[in-house]
Undergrad: 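Below is a structure I'd like to ask you about.
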Protein chains: 2
Amino acid sequence: MKLLTKNTDYAVRALVKIAQRAGEPVPASLIAKEERIPYAYLRRLLNDLRDRKVLRSTEGKGGGFVLGRKPEEIFLTDVMEVFQGEVNLTECMFRQKICHNRSTCVLRHKIREIEKKVLGDLEGISIGTLLNETKGQKND
Amino acid sequence: MKLLTKNTDYAVRALVKIAQRAGEPVPASLIAKEERIPYAYLRRLLNDLRDRKVLRSTEGKGGGFVLGRKPEEIFLTDVMEVFQGEVNLTECMFRQKICHNRSTCVLRHKIREIEKKVLGDLEGISIGTLLNETKGQKND
DNA sequence: CAAACTGATACTATATTGGTGTCAGTAAAA
DNA sequence: TTTTACTGACACCAATATAGTATCAGTTTG
Ligand code: FES
Ligand code: FES
């Protein structure tokens with residue numbers, strides 16, 4: 001079982017890349033090359049992020065993508081939601097049968113607790129966090 | 001993003017069913033009918049659980065499946081591992097690039113923390129737990 | 001022997017995920 | 001004003017994972 005799919009991974013790496021160039025438009029072609037992400041695929045991911053206002057884009061020569069908001073305000077959960085749907089661990093495991101009354105189901109509540117914790121913890125991770133993480137690395 | 005796949009869901013429901021018949025062999029056909037799980041598919045799931053010693057089986061007429069150990073000792077995580085692979089949230093998100101040194105990576109550690117919590121919490125849920133949950137329900 | 005089961009395994013269908021290809025439009029700059 | 005470097009939109013295909021089927025052999029009860 002994995003928490004992050006490949007497109008989330010790609011997207012996050014792209015976002016970090018864009019963040020590093022603070023403000024200057026970064027073309028998809030550059031990201032694709034440096035991060036070794038298939039160009040056409042990346043294009044789609046970036047467009048999705050733009051639709052969700054995580055990125056803004058400028059067209060034409062010299063154009064590219066910039067962050068739609070501050071790195072500290074772009075959370076891992078945001079990216080996950082775009083590409084993997086809302087993080088919703090319940091709804092409803094053990095359909096029918098096991099629990100006759102969903103509203104009073106103890107198990108459901110337990111799982112929901114877990115879910116809350118996970119979400120809370122994930123929200124502690126933003127592009128800002130990752131940016132610091134990469135500081136001081138040689139930029140091959 | 002969902003935590004449990006359909007086969008885990010099926011399997012858990014089957015395990016609860018078997019647990020309810022404390023010790024008496026329960027045939028796959030019965031479970032399939034009562035839980036409305038495709039028979040042939042269920043068969044395979046039960047065989048997997050038997051291979052993993054979660055169930056024991058007796059062949060021939062009157063045969064079926066019984067639990068391989070006490071309900072309180074069969075955890076949700078056990079079932080998840082059988083059907084969804086080990087719960088491993090990291091390994092390694094953000095391959096290459098973002099983190100130059102995996103061993104010191106802060107992010108990795110963070111995620112690993114989350115993972116530990118989730119696993120810990122999930123381990124609080126066993127077939128025993130679910131059995132209590134279903135007590136007092138009408139057994140349609 | 002028939003009936004009611006499991007063991008084993010090969011196969012198919014469907015959904016999700018990952019990846020391509022094409023064409024039109026925009027902006028910079030030669 | 002044409003070329004170059006970019007995005008927008010969208011249809012399509014490939015690979016993989018998940019869900020479900022089908023078949024036949026073997027075991028136990030009666
Ligand atoms: S887990 Fe679904 S209602 Fe209890
Ligand atoms: S997240 Fe993979 S090494 Fe940091």
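Naming convention: chains lettered A, B, ... in sequence-line order (proteins, then strands); numbering from 1 in each chain.
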Undergrad: Among the nucleotides D/dA9, D/dG20, C/dG18, which one has an atom lying closest to any side-chain atom of A/Asn7?
TA: C/dG18
Undergrad: Scan for side chain to side chain donor-acceptor pair (under 3.5 Å) pairs involving residues 74-84 of chain A, sequence neighbours excluded, and state none if there are none.
TA: A/Thr5-A/Gln84, A/Thr8-A/Gln84, A/Arg69-A/Asp78
Undergrad: How long is the gap from CG on B/Leu76 to OG1 on B/Thr129, to the nearest 0.5 Å?
TA: 9.0 Å
Undergrad: Just compare D/dA19, D/dT7, C/dT20 and give me whichever is closest to any side-chain atom of A/Arg50.
TA: D/dT7
Undergrad: Who passes salt bridge (Lys or Arg N to Asp or Glu O under 4.0 Å) against A/Lys61, sequence neighbours left out?
TA: none
Undergrad: CZ of B/Phe83 versus P of D/dA17: gap in Å, rounded?
TA: 17 Å
Undergrad: Determine, for A/Asp9 against A/Arg13, whether the closest basic-nitrogen to carboxylate-oxygen distance falls under 4.0 angstrom.
TA: yes
Undergrad: Is A/Phe83 reachable from A/Leu4 through a run of hydrophobic residues whose side-chain heavy atoms are each under 4.5 Å from the next?
TA: yes
Undergrad: What does the list of N/O pairs under 3.5 Å between the protein and nucleotides 2-5 of chain C look like, with a distance for each?
TA:
unit_1: C/dA4; atom_1: N3; unit_2: B/Lys61; atom_2: N; d: 3.2

Undergrad: Which protein N or O atoms sit under 3.5 Å from an N or O of nucleotides 11-16 of chain D?
TA:
none

Undergrad: Atom OH of B/Tyr10 to atom C1' of D/dA19: distance rounded to whole Å?
TA: 8 Å
Undergrad: Between A/Arg43 and C/dC23, is there a contact of a side-chain N or O with OP1 or OP2 at under 4.0 Å?
TA: no
Undergrad: Output the rounded distance in Å from CG (A/Leu45) to P (C/dT20).
TA: 12 Å
Undergrad: CD1 of B/Ile37 to OH of B/Tyr10: how many Å apart, nearest 0.5 Å?
TA: 6.5 Å
Undergrad: Starting from P on C/dT17, measure out to CE on A/Met80 and report it in whole angstrom.
TA: 12 Å
Undergrad: Got a sec, which residues hit salt bridge (Lys or Arg N to Asp or Glu O under 4.0 Å) with A/Glu59, two or more places apart in sequence or on another chain?
TA: none
Undergrad: Rounded to the nearest angstrom, tell me the gap between atom OH in B/Tyr41 and atom C1' in C/dA13.
TA: 12 Å
Undergrad: Is A/Leu15 close to A/Leu55 at the side-chain level, that is, under 4.5 Å between some pair of heavy atoms?
TA: yes
Undergrad: Using whole Å, report how far CG of B/Asp48 lies from P of C/dT9.
TA: 12 Å
Undergrad: Please report the distance, rounded to the nearest Å, between CD1 in A/Ile18 and P in D/dC6.
TA: 14 Å
Undergrad: In chain order, what residues pass the salt bridge (Lys or Arg N to Asp or Glu O under 4.0 Å) check against A/Arg44, with sequence neighbours excluded?
TA: none
Undergrad: Find the distance A/Ile37:CD1 to C/dT20:P and express it as a whole number of Å.
TA: 12 Å
